[in-house]
Amino acid sequence: METIETTRDTINADTFAKDYSLALADAKNGHNKAALLRAVTVLEQAAQQGHHASLLPLASALLKLGEFAAARTSLEQAVDHNVEGAQGKLYAAHASGSFGRLSQVKTAWVALLKLAQNGDRTAQLAVLGLAESKGFPLPEDWALEDALLERASGGDGTAAAAVLRHYRLVKRFRQARIMERMALLRHPKLPTFTRLEEALHLAWDRDPAIFDKTAQKILNSGPATLFALGLQVIARINPNAYVRILQMELRKLGYHPGRISGYCYSHTRKAMARFCADHGLALAANAPPLSPLTVRSVSTALGQVRA
C-alpha cells in the first residue's frame with residue numbers, strides 16, 4: 001500500500017521549480033491521494049533546503065491525508081522559524097478541530113482571539129471564518145469586521161473576500177448589507193472565483209425571480225476556466241436555474257434536452273445520459289441527475305468542452 005514514506009524520492013533539480021508549483025496547487029486544492037503524496041514529497045524537500053514557508057502548504061496536504069500529528073509538527077516548525085501567518089494557522093487548526101483528537105479547541109480559540117485582537121491578519125481571517133462555521137462567540141466590544149474592511153480598503157483582496165462571505169452567511173447582514181456587498185465585489189484584488197461565487201449569491205439575494213437569467217449572464221461573463229465551478233455554485237443556490245442552464249448547454253451541443261424549463265423531465269434525463277456516455281461519465285450517468293456527483297461531473301465536462 002502506498003504511503004508517505006514510499007513516495008519520498010529524490011526530485012530532479014531541473015524540474016523542481018515546476019514540481020514545487022504543482023505541489024502548492026495540490027496542497028491547496030487537491031484531493032487525490034497520489035497528488036497529495038507527491039506534494040508532500042516536494043514540499044518536505046523544499047523545507048529541508050531552507051524554504052520554511054513550504055511548511056504551511058505541507059501541513060495542508062498532510063491534513064488532507066489524515067496525518068494529523070505530522071501536520072501539527074509542520075505548523076509548529078513553521079512557528080519556530082517565524083513563518084508569517086504560521087502562529088495563526090496553528091491556533092486555527094486546533095480551534096477548528098482539524099487535528100482530530102490532538103486538537104486543543106478551547107485553549108486555541110482563546111489564543112487565536114488574542115492574536116487576532118493584536119492585529120494578526122491570519123488570525124483575524126481565521127476568527128471570522130470559525131465564528132461563521134463553528135458558531136464561536138466573538139467579544140461584543142471588538143469590531144473585527146471594521147478591522148478587515150480597513151485591510152480591504154488598503155488593497156487586501158483576501159480580507160475583502162472574507163467580509164463578503166461574512167455578510168452572506170450571517171442572516172442579519174445578508175439583505176441589510178446588499179450595497180456593501182456590491183461595493184466589495186468591485187474590489188480590484190478580489191480572487192476571481194470569489195468574485196464569481198459571491199456575484200451569483202448576490203444575484204439570488206437581490207431578485208430570486210430572475211436568478212436563472214442573471215446567473216447565466218454572470219457565468220458567461222466570467223472566465224471559461226471557472227464555468228464548471230460557477231455552474232456547481234448555481235446548482236447549490238437554485239437547482240432549477242442549474243437545470244435550465246444545463247438544458248441550454250446540452251441543446252447547443254446537439255443533445256436535444258426538450259423544452260428549456262428548468263425541470264429534469266424525461267427528454268432532459270435522456271440527453272444527460274447520452275452526454276455522460278459520450279464523455280465517459282458512467283458513474284454520473286447512473287446517479288440521480290441532481291446528485292452532487294452528477295452535478296460535479298457534468299459541470300466539469302461542460303467546462304472542458306467550453307475551454
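From a predicted model like this one, the values you see are computed outputs, not experimental measurements. If you read the sequence from its start, that first residue is 1, and numbering goes on from there.
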Would you please say whether a donor-acceptor pair under 3.5 Å links the side chains of [X] and [Y]?
X: R244; Y: N238; value: no
X: R151; Y: Q124; value: yes
X: Y255; Y: D278; value: yes
X: T300; Y: S297; value: no
X: E145; Y: H166; value: no

Quick one: do E197 and R165 make a salt bridge, cutoff under 4.0 Å? no
Taking the basic N atoms (NZ, or NE/NH1/NH2) and the acidic carboxylate oxygens, is any pair closer than 4.0 Å for R72 and E67?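 The answer is no: the pair does not qualify as a salt bridge.
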Can you tell me if [X] uses its side chain to pair, donor with acceptor, with the backbone of [Y] under 3.5 Å?
X: D120; Y: L115; value: no
X: Q247; Y: S261; value: yes
X: T194; Y: L190; value: no
X: T294; Y: L290; value: no
X: Q45; Y: T41; value: no
X: R195; Y: H187; value: yes
X: R174; Y: R168; value: yes
X: S299; Y: R296; value: no
X: S54; Y: H51; value: yes
X: T122; Y: G88; value: no

Closest non-hydrogen atom pair, [X] against [Y]:
X: A301; Y: L281; result: CB-CD1, 3.9 Å
X: R251; Y: G258; result: NH2-O, 2.9 Å
X: A108; Y: A95; result: CB-N, 3.7 Å
X: A152; Y: A159; result: N-CB, 4.0 Å
X: L62; Y: S74; result: CD1-CB, 4.4 Å
X: L219; Y: F227; result: CD2-CE1, 3.4 Å

Are [X] and [Y] close enough that some pair of their side-chain heavy atoms sits under 4.5 Å apart?
X: V233; Y: L196; result: no
X: L185; Y: L202; result: yes
X: Y265; Y: R259; result: yes
X: K189; Y: D156; result: no
X: P289; Y: M272; result: yes

Nearest-0.5 Å distance, [atom1] of residue [X] to [atom2] of residue [Y]:
X: L138; Y: Q117; atom1: CG; atom2: CD; result: 9.0 Å
X: L184; Y: R186; atom1: CG; atom2: CZ; result: 9.0 Å
X: R269; Y: C276; atom1: CZ; atom2: SG; result: 13.5 Å

Applying a strict under-4.5 Å side-chain criterion to I, L, V, M, F, W and Y, I'd like to know whether [X] and [Y] cluster together.
X: M182; Y: W204; answer: no
X: V298; Y: I237; answer: yes
X: L250; Y: I234; answer: yes
X: M248; Y: L253; answer: yes
X: L130; Y: L164; answer: yes

Using side-chain contact (heavy atoms from CB on, under 4.5 Å) as the criterion, point out the one residue from W142, F136, Y91 that pairs with L113.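 With L113 as partner, W142, F136, Y91 yield a single side-chain contact (heavy atoms from CB on, under 4.5 Å), made by W142.
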Partner of L231 by side-chain contact (heavy atoms from CB on, under 4.5 Å), out of L302, L226, V295, L200: L302
When Y167 is tested against each of R172, R177, E198, E180 for side-chain hydrogen bond (donor to acceptor under 3.5 Å, both in side chains), which residue passes?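 For Y167, the side-chain hydrogen bond (donor to acceptor under 3.5 Å, both in side chains) test succeeds with only one of R172, R177, E198, E180, which is R177.
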Within a 6.0 Å radius of atom [atom1] on [X], are there more than 12 heavy atoms belonging to other residues, nucleotides or ligands?
X: K252; atom1: NZ; result: yes
X: H81; atom1: NE2; result: yes
X: R306; atom1: CZ; result: yes
X: E84; atom1: CD; result: no

Start with the C-alpha gap between L43 and L55, add the side-chain angles, then the distance that decides, and say whether side chain to side chain contact (heavy atoms under 4.5 Å, CB included) holds. CA-CA 7 Å; L43 294 169; L55 291 164; over 6 Å; no
With salt bridge (Lys or Arg N to Asp or Glu O under 4.0 Å) as the test, would you mind laying out the steps for R181 and D205 before giving the verdict? CA-CA 11 Å; R181 290 166 67 186; D205 291 336; 2.9 Å; yes
H94 vs F99 aromatic rings, parallel, tilted or perpendicular, using cut-offs 30° and 60°?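 Aromatic pair H94/F99 classed perpendicular.
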Derivation and outcome, side chain to side chain contact (heavy atoms under 4.5 Å, CB included), residues H279 and V305: CA-CA 10 Å; H279 290 80; V305 170; 3.7 Å; yes
Derivation and outcome, side chain to side chain contact (heavy atoms under 4.5 Å, CB included), residues F211 and N240: CA-CA 10 Å; F211 175 71; N240 295 114; over 6 Å; no
Could you walk me through whether R121 and T158 satisfy the side chain to side chain contact (heavy atoms under 4.5 Å, CB included) test, starting with their C-alpha distance in whole Å, then the side-chain angles of each, then the deciding distance to 0.1 Å, before giving a yes or no? CA-CA 10 Å; R121 174 182 179 272; T158 303; 3.1 Å; yes
